[in-house]
2 protein chains.
Amino acid sequence: MSISSRFSVAIHILALLEINKEGVCTSEYLAGSINTNPVVVRKIVGMLKKANLVEVRPGIAGTELVKELSEVTLFDVYKAVNVVNEKELFSIHDNPNPECPVGRNIQDTIEPFFIAAQVAMEEVLKSHTLKNIVQDIVTKEEMY
Amino acid sequence: MSISSRFSVAIHILALLEINKEGVCTSEYLAGSINTNPVVVRKIVGMLKKANLVEVRPGIAGTELVKELSEVTLFDVYKAVNVVNEKELFSIHDNPNPECPVGRNIQDTIEPFFIAAQVAMEEVLKSHTLKNIVQDIVTKEEMY
DNA sequence: TTACATGTAACTATCATAGTTACAATTGTA
DNA sequence: TACAATTGTAACTATGATAGTTACATGTAA
């Protein structure tokens, strides 16, 4: 199991929009940096658009950032690309046997523990912004 | 995306082994409580055995606990059933373009953030034992 | 009108999951 | 020793998500 790379691709896109904000970022250009297909990019950009993180318009070349990256957390991106649903990071087997004391209570018993673990992970994502990401990229670049 | 229900099934099995420690827990009995196939149970029990959480022997009916449940954390079970690999909760797209400043740094930049989020989730799993689970089940039972 | 982008449907290949059948290997007991 | 019951495992199926791809309708600017 692994959370979809849509998340890392979306971060890549947003970081590139910032770093290349002077240029025109078409889906083909973005796909070239990510090394994937322009359609994959358009699908993810579409999700970022729905989340009001970018602006794109049919027929007009280029995607642009809507917000300052210091105002966008990794959690915002994570929700935008819909990689994990609320309370559903862990799946619980359904239809355990209600005739059994364990079977009839296991779901309600386990759920809060799983949710707590998911929330802890998501809190970390909330604690970092895309500005942090871009800064780290710039710092790594300057080391050469 | 969702983490395999092998994890919740494994917790179910271990809790049931504790609650029914007087009885003989065959794969068929366990499967009856979980409401699945005995082979599915045997596969998961095999993983728990490798992790030294249970004892089972070919030909001999019944699986038994090896440890006190107060000494087994949810993290131990999570690792035993191999639902998420180390550092791989989030996947990162491979082969980004090295000609691009974002492409050549994105992987190394993102990874520590992803690992931090995964570790936070796993820390929560480490903070709870199977004894907590069994206690919660017993408490819920007593409410009737 | 042309050229170029975006948006999206439809399809493919690949993989993990969960379940299932079948059967060999192991053990206790009549 | 033979038998019945159980575990261990290989092999297979169905399902669903992912990532990629082709094709094309739609929209915009020059």
Side-chain angles (χ1 to χ4, degrees), chain A residues 1-10 12-13 17 23-51 54-64 78 81-85 88-97, chain B residues 1-13 17 23-51 53-64 78 81-85 88-97:
Chain A
M1 190 299 304
S2 213
I3 292 172
S4 168
S5 66
R6 274 202 306 280
F7 186 21
S8 67
V9 170
H12 187 142
I13 290 169
L17 291 178
V24 176
C25 297
T26 64
S27 61
E28 187 152 1
Y29 167 77
L30 295 170
S33 171
I34 294 158
N35 194 21
T36 184
N37 191 295
V39 177
V40 170
V41 170
R42 293 205 287 271
K43 283 176 186 167
I44 295 174
V45 165
M47 296 174 120
L48 298 176
K49 181 183 182 180
K50 268 192 192 165
V54 300
E55 190 176 28
V56 215
R57 272 178 294 178
I60 302 180
T63 300
E64 289 174 10
Y78 162 93
V81 294
N82 196 33
V83 281
V84 176
N85 291 327
E88 292 181 11
L89 175 59
F90 297 89
S91 53
I92 301 179
H93 55 295
D94 48 358
N95 301 116
N97 190 342
Chain B
M1 191 296 307
S2 213
I3 291 172
S4 169
S5 65
R6 273 203 307 281
F7 186 23
S8 67
V9 171
I11 294 170
H12 187 142
I13 290 169
L17 292 178
V24 176
C25 297
T26 65
S27 63
E28 188 152 0
Y29 168 76
L30 295 170
S33 170
I34 295 159
N35 194 20
T36 184
N37 192 293
V39 177
V40 170
V41 171
R42 293 204 286 273
K43 282 176 188 169
I44 294 173
V45 164
M47 296 175 120
L48 298 176
K49 181 184 182 180
K50 267 191 193 166
L53 294 175
V54 300
E55 191 177 26
V56 216
R57 272 178 293 178
I60 302 181
T63 299
E64 289 174 8
Y78 161 93
V81 295
N82 196 33
V83 283
V84 176
N85 292 325
E88 292 180 10
L89 174 59
F90 298 90
S91 54
I92 301 179
H93 54 295
D94 48 359
N95 301 115
N97 191 342

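Keep in mind that this is a model prediction, so the values were computed, not measured. Just so we're on the same page: letters track the sequence lines, and every chain starts at 1.
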OG/B:S91 to CZ/A:F7 distance, rounded to the nearest 0.5 angstrom?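 If we round to the nearest 0.5 Å, B:S91:OG and A:F7:CZ are 10.5 Å apart.
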With B:T26, which residues qualify under side-chain contact (heavy atoms from CB on, under 4.5 Å), at least two apart?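 Residues passing side-chain contact (heavy atoms from CB on, under 4.5 Å) with B:T26: B:V24, B:E28, B:Y29, B:A61.
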Measure [atom1]/[X] against [atom2]/[N] and give the value in whole Å, please.
X     : N      : atom1 : atom2 : result
A:E64 : C:dA5  : CD    : P     : 15 Å
A:H93 : C:dG19 : NE2   : P     : 10 Å
A:N95 : C:dG19 : CG    : P     : 10 Å
B:I34 : C:dT17 : CD1   : P     : 17 Å
B:F7  : C:dT17 : CZ    : P     : 14 Å
B:N37 : C:dT17 : CG    : P     : 17 Å
B:M47 : C:dA16 : CE    : P     : 13 Å
A:D94 : C:dT17 : CG    : C1'   : 13 Å

Could you give the side-chain donor-acceptor pairs of residues 35-45 of chain A under 3.5 Å, partners two or more places apart or in another chain?
from  : atom 1 : to    : atom 2 : distance (Å)
A:N35 : ND2    : B:N95 : O      : 2.8
A:N37 : OD1    : A:V39 : N      : 2.9
A:R42 : NH1    : A:S27 : OG     : 3.1

Under the side-chain hydrogen bond (donor to acceptor under 3.5 Å, both in side chains) test, which residues partner [X], sequence neighbours left out?
X     : value
B:E55 : none
B:T63 : none
A:N82 : none

Base versus backbone protein contacts along nucleotides 5-10 of chain D [heavy-atom cut-off under 4.0 Å; B, S, -]: -BBBBB
When you get a sec, tell me which of D:dG20, D:dA19, C:dT20 is the closest nucleotide to the side chain of A:T36?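 Taking heavy atoms from C-beta onward, the closest nucleotide is D:dG20.
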